[in-house]
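In what follows, a structure is listed as structure tokens, so that the remarks can point back to it.
All figures in this text were calculated on a predicted structure; none of them were measured in a lab. Heavy atoms only: backbone and side chains are in, while hydrogens, waters and symmetry mates are out.
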Amino acid sequence: QVQLKEAGGGLVQAGDSLRLSCTASGLTFKDYGMGWFRQTPGKEREFVAAISWSGSSIYYSDSVKGRFTISRDNTKNTVYLQMDSLKPEDTAVYLCGADTYGLGYEGASEYDFWGQGTQVTVAT
């Protein structure tokens, strides 16, 4: 049974930093591309960042480029999202996804497995 477990969310002030983690089990993690998405009530899941199986390809949305950093540790079956200079508009539930093809896609429909998400709230 595949499980993705996010952690690290919380309530912070604008300008602060948070580091999210997503730990996978039940799959061969090093073969999967991983992505971070976020979602707010009534809106579609929004792409944030993705990383290929090897870490050699990385993608960011324009809204987080230069502020967020995605990385992975295949020895720990974990993908990270370092979020700096947080803004109130970053407030959302952040979810990680695993992509079977290993490439790391920007489209949510390309992901096969999802975690439950972790809430990030950025206060002004």
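- Within a 6.0 Å radius of CD in Glu44, no more than 12 heavy atoms belonging to other residues, nucleotides or ligands are found.
- Side chains of Ser63 and Glu46 form a contact here, defined as non-hydrogen atoms less than 4.5 Å apart.
- Here Glu6 contributes atom CD and Cys96 contributes atom SG; the two are 4.0 Å apart, rounded to the nearest 0.5 Å.
- The distance from the CD1 atom of Ile51 to the OG atom of Ser71 is 6.5 Å, given to the nearest 0.5 Å.
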Donor-acceptor pairs under 3.5 Å, side chain of residues 12-20 to any protein atom, not counting sequence neighbours: which ones?
{"unit_1": "Asp16", "atom_1": "OD2", "unit_2": "Gln13", "atom_2": "N", "d": "3.0"}
{"unit_1": "Ser17", "atom_1": "OG", "unit_2": "Asp84", "atom_2": "OD1", "d": "2.7"}

### Check against side chain to side chain contact (heavy atoms under 4.5 Å, CB included), Lys87 and Arg67
CA-CA 10 Å; Lys87 304 176 180 179; Arg67 299 188 297 123; 3.8 Å; yes

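- Annotation: the span from Thr100 atom OG1 to Asp112 atom CG amounts to 3.0 Å, rounded to 0.5 Å.
- With contacts defined as side-chain heavy-atom distances shorter than 4.5 Å, the pair Val48/Tyr60 does not qualify.
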### Task
Kindly determine whether Gln39 and Leu95 satisfy side chain to side chain contact (heavy atoms under 4.5 Å, CB included), including the steps that lead there.
CA-CA 8 Å; Gln39 193 163 23; Leu95 307 100; 4.2 Å; yes

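- Note that the CG atom of Leu81 and the OG1 atom of Thr118 stand 11.0 Å from one another [nearest 0.5 Å].
- Between Trp114 and Tyr111, the ring planes are tilted. Angles from 30° to 60° get that label.
- By the 4.0 Å N-to-carboxylate-O rule, Asp62 lies close enough to Lys65 to be salt-bridged with it.
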### Message
Test side chain to side chain contact (heavy atoms under 4.5 Å, CB included) on Asp90 and Arg38; report intermediate values, then the result.
### Response
CA-CA 9 Å; Asp90 294 320; Arg38 62 190 182 188; 2.9 Å; yes

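- Closest non-hydrogen pair, Ala92 versus Tyr94, comes out as O-CD1, 3.4 Å.
- In this structure, Gln119 places its CD atom where more than 12 heavy-atom neighbours from other residues, nucleotides or ligands lie under 6.0 Å away.
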Please list, one pair per line, the donor and acceptor atoms closer than 3.5 Å that link side chains of residues 22-37 to other protein atoms, with sequence neighbours excluded.
{"unit_1": "Thr23", "atom_1": "OG1", "unit_2": "Thr78", "atom_2": "OG1", "d": "3.1"}
{"unit_1": "Trp36", "atom_1": "NE1", "unit_2": "Tyr80", "atom_2": "O", "d": "3.4"}

### Message
Apply side chain to side chain contact (heavy atoms under 4.5 Å, CB included) to residues Val93 and Thr40 and explain how you reach the verdict.
### Response
CA-CA 6 Å; Val93 173; Thr40 54; over 6 Å; no

